[in-house]
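Residues: numbered from 1 along the sequence shown.
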Amino acid sequence: MENNTPSSPAGGTAPKRYSDVPLEEKLADVVTWLEEHKAARVVSIDMAGQGGFAEALVIASAGSVRHAQSLADGVGELCRQRNFEYLRMEGYTAGQWILVDMNDIVVNVFLEPVRELYGLEALWGKAASLAEARSGE
């Protein structure tokens with residue numbers, strides 16, 4: 001598929017606008033930042049080979065709606081400072097579950113009761129285990 005944006009060079013591919021930081025380094029930066037800003041139970045899940053929506057998930061808990069919003073704002077600011085890709089944020093107004101889409105990493109900031117309700121660690125952790133088992137066959 002050809003990229004037809006006005007800034008595209010001949011051949012149709014646009015220049016990369018974001019840093020070439022490896023996923024592992026970017027993931028470590030996000031997890032460290034969340035932990036330094038009092039996010040609880042920060043977990044990262046490798047999603048490579050699990051589908052096309054992300055290469056990693058980060059799940060963290062906040063103590064209040066305001067804390068969740070502050071953590072999400074901070075991840076967005078970290079993206080701007082480090083030139084990481086930042087696509088969008090969902091759920092900010094309600095603040096129960098805020099999703100920050102960094103394209104290759106999706107950060108989920110939950111209030112604890114909502115985190116327990118949805119159980120993303122169990123859902124995606126099992127999927128990752130199944131993928132590892134299948135790759136070993």
Item to complete: Salt-bridge test for Glu85 and Arg80: reply yes if a basic N is under 4.0 Å from a carboxylate O, no otherwise.
Response: no
Side-chain contact test, heavy atoms from C-beta onward, threshold under 4.5 Å: evaluate it for [X] versus [Y] and give yes or no.
X     : Y     : result
Thr32 : Leu34 : no
Glu25 : Pro22 : yes
Asn83 : Val21 : no

Practice prompt. Apply side-chain contact (heavy atoms from CB on, under 4.5 Å) to Tyr86 and Asp101, showing your working.
Written response: CA-CA 6 Å; Tyr86 174 88; Asp101 188 347; over 6 Å; no
Worksheet item: What do the steps show when you test Asp73 against Tyr92 for side chain to side chain donor-acceptor pair (under 3.5 Å), and what is the final call?
Response: CA-CA 9 Å; Asp73 287 338; Tyr92 185 87; 2.8 Å; yes
Worksheet item: Would you say Arg41's side chain and Ile59's backbone share a donor-acceptor pair under 3.5 angstrom?
Response: no
Of all heavy-atom pairs between [X] and [Y], which one has the smallest distance, and what is that distance?
X     : Y      : answer
Gly95 : Leu111 : O-CG, 3.8 Å
Leu71 : Ala62  : CD1-CB, 3.9 Å
Met89 : Ala72  : CE-O, 3.6 Å
Ile45 : Glu121 : CD1-CA, 4.0 Å
Trp33 : Gly74  : CH2-CA, 3.3 Å
Ala94 : Val65  : O-CG1, 3.7 Å

Could you give the distance from [atom1] ([X]) to [atom2] ([Y]), rounded to the nearest 0.5 Å?
X      : Y     : atom1 : atom2 : value
Ile105 : Glu55 : CD1   : CD    : 8.5 Å
Glu90  : Trp97 : CD    : CH2   : 11.0 Å
Arg88  : Leu99 : CZ    : CG    : 7.5 Å
Asn103 : Phe53 : CG    : CZ    : 12.0 Å

Worksheet item: Can you name the residues that form a side-chain contact (heavy atoms from CB on, under 4.5 Å) with Ser64, not counting sequence neighbours?
Response: Arg66, His67
Discussion item. Let's go through Asp29 and Arg82 carefully: what are the C-alpha distance in whole Å and the side-chain angles of both, what is the deciding distance for side-chain contact (heavy atoms from CB on, under 4.5 Å) to 0.1 Å, and is it a yes or a no?
Written reply: CA-CA 10 Å; Asp29 286 349; Arg82 305 269 171 93; 3.0 Å; yes
Fill in: Criterion side-chain contact (heavy atoms from CB on, under 4.5 Å) on Glu24 and Lys26, from CA distance to verdict
CA-CA 6 Å; Glu24 295 78 20; Lys26 197 182 328 181; over 6 Å; no
Item to complete: Go through Asn108 and Ile98 one step at a time and tell me if the side-chain contact (heavy atoms from CB on, under 4.5 Å) criterion holds.
Response: CA-CA 6 Å; Asn108 298 272; Ile98 303 174; over 6 Å; no
Discussion item. Can you tell me which residue among Leu78, Leu87, Val75 is in a side-chain contact (heavy atoms from CB on, under 4.5 Å) with Met102?
Written reply: Val75
